[in-house]
Trainee: 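First, the structure itself, so that you have it in front of you.
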Amino acid sequence: MAQPDSTTTAMGEGEGRKHPDGTTRRDFLYLASAAFAGTGAALTGWAFIHSMNPAADVLALASTEVNLQPIAPGQAITVTWRGKPVFVRHRTAEEIAKAKADDSAALPDPQPDSRRVQREQWLVLLGVCTHLGCVPLGQKPADSKGDYGGWFCPCHGSHYDTSGRIRRGPAPRNLEVPTYSFVNDSNIRIG
Amino acid sequence: MAKYDYVPSPFMANSIVKWVDHRLPIFSMIDTQLIKYPAPRNLNYFWNFGSLAGVMLVIMILSGIFLAMNYNPSTAGAFDSVERIMRDVNYGWLIRYIHMNGASMFFIVVYIHMFRGLYYGSYKYPREILWWLGLLIFLAMMATAFMGYVLPWGQMSFWGATVITNLFSAFPIVGESIVLWLWGGFSVDNPTLNRFFALHYLLPFVIAGLVLLHLWALHVHGSNNPLGIDAKGPQDKIPFHPYYTAKDAFGLAVFLIFYGYFVFFSPYTLGHPDNWIPANPLVTPPHIVPEWYFLPFYAILRAVPDKLGGVLLMFGSIAILFLLPWLDTSRVRSARFRPVYKVFFWLFVVCCLALGWAGAMPAEGVPLFVGQVATIWYFAHFLVILPLLGWFERPLPLPASIAEPILGGGRAGVMAAGKPMEKA
């Protein structure tokens, strides 16, 4: 092999320039450039991945205000929030009493009624069955309300009670209570 | 003995690699075509532009897919959906700037790549099909870029689409039917926008297929080189990795800085402000110009005071490139050894730049005249100058091998030069 010139000594594997622990200057260059390129690619990649998250205009529609005044006791309305149905039910005294009484029943997902409402006559629920996402029946007077007087999911037969808790059927959890607050006595803001 | 002895890379001995490779020789392909692939030892930085073009294709496809996720291809929604990308979608502005300016970067890179081929005679035997495939890629790129420019549905989008599709109306008898077919209606409208979006999404993958064929053809005889002579043996070549992977990576880093400047600091320099006005089929902007990369062809179109003649000449300006390997009658590839061709090459570059300038100006007075002279020169370059040069030009003496001018002639030089190949 011919005598290596000065350039190959500085740039090459550099048998003569090896560090005592066996590393070379080229190892450092490889690691430094890989780290630099990798960081750049990861940061750019994040911009692309994040572009698939909800955009500003979608997030801007993330809250919905509901006027409660027209809802008579025993009635329920369905409003859309983030593209999903939200059930707002004006519960009767009888339904409230039943929900409270069942706090001590054998519940698949135990939760007292008091934890599920802010004002006990107003029950606000995400109208999405916790099994596989169907919309349960029970909003209209003619609907089947299931064996517990709340909601009944026609897809796979889940029964919910007057507090929206799962009582029987394949659904694992109670109907979800969305984040909401009372703007005043007759209006709530969901989200 | 084989011309270049192939010694597999160490990773080829790994048992999993062997198992896979026995069934699908993908690792062999990587090793022989990318790592140990013998490349001429004297490639200069003009040889970076092929891989840069490949990187640009990947960037365009990736950024395009993410834009398509938020784009609405309808006349009612297109303009607003682009504005939504710019304002509401997370990093939408970045992805769109990457894509918009990426189109210009892609053409810059490809034009340099093509002029590199012209200067060093890369289109000559045995690389004629390689050259053709490159031209097909260029044509597909032009179609893709044109349709992509229509998608934001601004004034330039709409009127660009109207003017370019109307080119086909120049053909006698069938012209009008072709234009109706292209539009899917009686004007550029929703059906046109829908099909342009579908094709704009499809064509880049056609380009990717053509790129694979381009690389396949390239690897049959290997890269041309600045001397334009064939490699004579191992002393003329070095393995692609690490020599050209490192050189390409460095070039890419420099190029990305240039690209990044436009994306982050000057995103609209290469665009046209009229595209901020939503498409209006009732009002044509006072001065219609295509994107800068089409300007030379636009100048040729307008140089001829005849509708059909202009269209034919414009298509002809690209068609003639397919005949270039036979129009250039010289057997010497590199302009380094062709003193007269070298002058005409630079005159041709000036001619193309003049066409670009003329294309950007209103078609009257001096720009029109310059455009006409340059159009004549463009065709004369291929039809008169190149065929004659092969006969009348006396080329300089060619070196005996690629290694010779670097290492000096003689056997000692050859032996020393063989070293990199053995070492890798």
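Values below: every heavy atom of this structure, side chains too, minus hydrogens, waters and symmetry copies. For clarity, every value in this text was computed on a predicted model and none was experimentally measured.
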Trainee: Which one of B:Asp88, B:Leu256, B:Ile95, B:Leu62 has the most heavy-atom pairs closer than 4.5 Å to chain A?
Mentor: B:Asp88
Trainee: Are there more than 12 heavy atoms of other residues, nucleotides or ligands under 6.0 Å from atom CD of B:Glu83?
Mentor: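 Yes, because the 6.0 Å sphere around CD of B:Glu83 holds more than 12 heavy atoms from other groups.
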Trainee: B:Ile98 and A:Phe48: side-chain contact (heavy atoms from CB on, under 4.5 Å), yes or no, with the steps?
Mentor: CA-CA 11 Å; B:Ile98 287 174; A:Phe48 279 71; 4.2 Å; yes
Trainee: Report yes if the side chains of B:Asn70 and A:Met52 come closer than 4.5 Å at any heavy-atom pair, otherwise no.
Mentor: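 Contact flag for B:Asn70/A:Met52 side chains = no.
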Trainee: Quick one: pull up CD1 in A:Ile49 and OH in B:Tyr91 and give me the separation to the nearest 0.5 Å.
Mentor: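 Spacing of CD1 (A:Ile49) from OH (B:Tyr91) equals 11.5 Å.
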Trainee: A quick test of your reading: do over 12 heavy atoms of other residues, nucleotides or ligands sit less than 6.0 Å from CZ of A:Phe36?
Mentor: no
Trainee: Between A:Asp57 and B:Arg84, what is the shortest heavy-atom contact and its length?
Mentor: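 In this case the closest contact between A:Asp57 and B:Arg84 is OD2-NE, 2.5 Å.
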Trainee: Between B:Asn90 and A:His50, is there a donor-acceptor pair closer than 3.5 Å when you use the side chain of the first and the backbone of the second?
Mentor: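 Here the side-chain-to-backbone pair exists.
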Trainee: Considering residues, nucleotides and ligands other than A:Phe28, do more than 12 of their heavy atoms fall under 6.0 Å from its CZ?
Mentor: no
Trainee: Taking everything shown except B:Tyr45 itself, do over 12 heavy atoms lie less than 6.0 Å from its OH?
Mentor: yes
Trainee: Taking all heavy atoms of B:Val89 and all of A:Ser51, pick out the closest pair and write down the distance.
Mentor: CG1-O, 3.6 Å
Trainee: How about B:Ile26: does its CD1 atom have over 12 heavy atoms from other parts shown lying under 6.0 Å from it?
Mentor: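 No.
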Trainee: For atom CD1 of B:Ile16, is the number of surrounding heavy atoms from other residues, nucleotides or ligands below 6.0 Å larger than 12?
Mentor: no
